[in-house]
Amino acid sequence: VDVGFENPIFACIELDYAEADQDPTGEAIAEANKMLTFYELDLGLNHVVRKWSEPIDPASNMLVPVPGDTDGPSGVLVCAENKIA
């Protein structure tokens with residue numbers, strides 16, 4: 001995500017597999033929620049901090065970066081089967 005001269009921010013799709021690993025029936029993975037998570041790289045302390053998460057469509061599988069400029073903010077497009085959010 002383009003933030004100019006601020007600390008860099010990265011986006012990723014996350015899925016918590018903790019319950020699915022313990023479930024032999026496979027039902028837990030069908031109920032798991034995918035999250036769009038943003039991380040910030042703190043250049044002063046040289047570590048990564050999780051900033052925020054938002055639930056997304058379970059069919060989501062790709063992120064497309066949208067560069068920012070003086071005309072508007074940057075961000076990411078979340079791509080899922082047959083739709084873009």
Beyond-backbone contact of Leu41 with Phe10, side-chain heavy atoms, under 4.5 angstrom: yes
Distance, nearest 0.5 Å, that separates NZ of Lys51 from CG of Asn7: 8.5 Å
Nearest-0.5 Å distance, CD1 of residue Ile84 to OG of residue Ser60: 11.0 Å
Residue pair Glu14 / Arg50, side-chain heavy-atom distance below 4.5 Å: yes
Contact check, side chains of Phe38 and Ser53, non-hydrogen atoms, under 4.5 Å: no
Leu15 vs Pro58 side-chain heavy atoms within contact, under 4.5 Å: no
Residue pair Leu36 / Leu63, side-chain heavy-atom distance below 4.5 Å: yes
Co-membership, hydrophobic cluster, residues Ile13 and Ile9, 4.5 Å side-chain: yes
Gap separating the CE atom of Met35 from the CG atom of Asp16, nearest 0.5 angstrom: 10.0 Å
Shortest non-hydrogen contact from Ser74 toward Pro67: CB-C, 3.8 Å
Atom pair CD/OG1 of Glu27 and Thr25 - distance to nearest 0.5 Å: 4.0 Å
Lys34/Glu54 ion pair, N-O < 4.0 Å: no
Flag side-chain contact, heavy atom, 4.5 Å: Val76 against Val64: no
Any side-chain heavy-atom pair of Val48 and Asp42 under 4.5 Å: no
